[in-house]
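Proteins get letters first, then strands, A, B, ... in listed order; numbering begins at 1 in each. Just the heavy atoms: all of them, side chains too, but no hydrogens, waters or symmetry mates, feed the values below.
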Protein chains: 2
Amino acid sequence: MTDVKRPKDQLKAHIRAQNQTLILETSERVFARQGLAKTTTQMIADEAGLPKANVHYYYRSKKDLLEAVLERILRLWLDSVSEFNAAEGPRINLTRYISEKIDQSRSNKNASKIFAMALIGEETFVLEYLRNLFVTELSREKVTIQEWVEQGLMAPVSTEHLFISIWAMTQTYADFDAQVKIMLQKDELEKSDYEEAKHFITRMVLVGCDVKD
Amino acid sequence: MTDVKRPKDQLKAHIRAQNQTLILETSERVFARQGLAKTTTQMIADEAGLPKANVHYYYRSKKDLLEAVLERILRLWLDSVSEFNAAEGPRINLTRYISEKIDQSRSNKNASKIFAMALIGEETFVLEYLRNLFVTELSREKVTIQEWVEQGLMAPVSTEHLFISIWAMTQTYADFDAQVKIMLQKDELEKSDYEEAKHFITRMVLVGCDVKD
DNA sequence: GTCTATAGGGAGATAGAC
DNA sequence: GTCTATCTCCCTATAGAC
């Protein structure tokens, strides 16, 4: 075991990283399009331009591959949503939070759908992630909201139900986009549709929670 | 073709109806628990206490069976949600609508999950149903809301985004109940959790849309 | 690391006796 | 209508040559 790698090892590591990224990105598309169970490793291999055996070389089983895809999604997700900054008050923070969540639904629709499919299927991997997220991140946001309530900056609403609602409203534009398209009678959602969603949801939350500042 | 049936035919029809109901009810449970693609006709047969061939006798293919399950779900659903009564004004109507949707999430969780799974998988059957629903029902509700806005009874919000949000918030307690349980740190959701959800969502919608009466 | 060929296991669906 | 046995297909996963 050494940190010094010979050129050959570096090359191998590079090939490995490149192939893994290719497989993960392709899997994300195929899983989102076909559904988790209907997706076959053959489909992924074909779309990635690789023999099926190579996919299994990098990810022993389909389950391993799905978990790798989920892990990658969740890591990128966490980085793209800001934490609350208590000093700025609820208006700025909630507005930013909703905006970022809707942007996520738009720019990362596939990731969002895969997460939703895994969640509705109660995949252990996702449930564990959520349990952990609750302990590390959300409990902090919860305290912040309670501070704002005590300072009279917003109505004393249930923090849990508030988060559940914001997630539901913002994710629905990615997860159930087929339904949204029918409602809006459009073949594809445009940037303006997402902006209107942002505007509507932000208004409902801010006014609905009686946010002062 | 005659309306008069001989006793033998009546018996057969009875057996048929009974078995079909048994299969549909069992399928609803299994589909919701296992996911649509992971469910096998064998699982359904076992849980219903029938040989697999009998399931295929009544529903030629798995796809036919899923569509029959969806059709049954949607028929029961439509009957359990009231239409808007314009004269009563937005407060009563929106409160009742949210309450009925949450009750549905609680009492018919399996149906809700199957619908969500079919929708996220963009099953043609469900998309067609929604398109039809939009034409027959929702366009009427939309007009009603616009009347209320004109009468100054509520703020001029986007009807489409309002419906999308109410659906998202109420359905999430059924479809993603695993996530809700983690958030609320409970092993099972109780009646009081659903009542709190109702209370929170109703408040956000009524205050958020500036509903006067 | 790459790839062909194949093992091994079920799944959906049906034939045909009762 | 019921049920056993079976066909056929295709999926995951791996062995083994290159």
How would you label the contact of B/Tyr59 with the nucleic acid (heavy atoms, under 4.0 Å): base, sugar-phosphate, or nothing? nothing
Counting side-chain heavy atoms from CB outward, which of C/dA13, D/dG1, D/dA13 is closest to B/Ser61? C/dA13
Taking C/dA13, C/dG1, D/dT2 as options, the one with an atom nearest any side-chain atom of A/Tyr58 is C/dG1
Tell me which residues in residues 40-56 of chain A lie within less than 4.0 Å of DNA chain D, going by non-hydrogen atoms. A/Thr40, A/Thr41, A/Lys52, A/Ala53, A/His56
Between [X] and [Y], is there a side-chain N and carboxylate O pair less than 4.0 Å apart?
| X | Y | answer |
| --- | --- | --- |
| A/Lys38 | B/Glu123 | yes |
| B/Lys186 | A/Glu160 | no |
| B/Lys198 | B/Asp103 | yes |
| A/Asp177 | A/Lys181 | yes |

Would you say the ring centers of B/Tyr173 and A/His161 fall short of 6.0 Å from each other? yes
Within the 6.0 Å centroid threshold, strictly below: A/Trp167 and B/Phe176: no
Could you tell me how far apart [X] ([atom1]) and [N] ([atom2]) are, to the nearest whole angstrom?
| X | N | atom1 | atom2 | result |
| --- | --- | --- | --- | --- |
| A/Lys63 | D/dA13 | NZ | C1' | 16 Å |
| B/Ile23 | D/dC3 | CD1 | P | 11 Å |
| B/Leu65 | C/dA11 | CG | C1' | 15 Å |

Can a side chain N or O of A/Arg60 be found less than 4.0 Å away from OP1 or OP2 on D/dA13? no
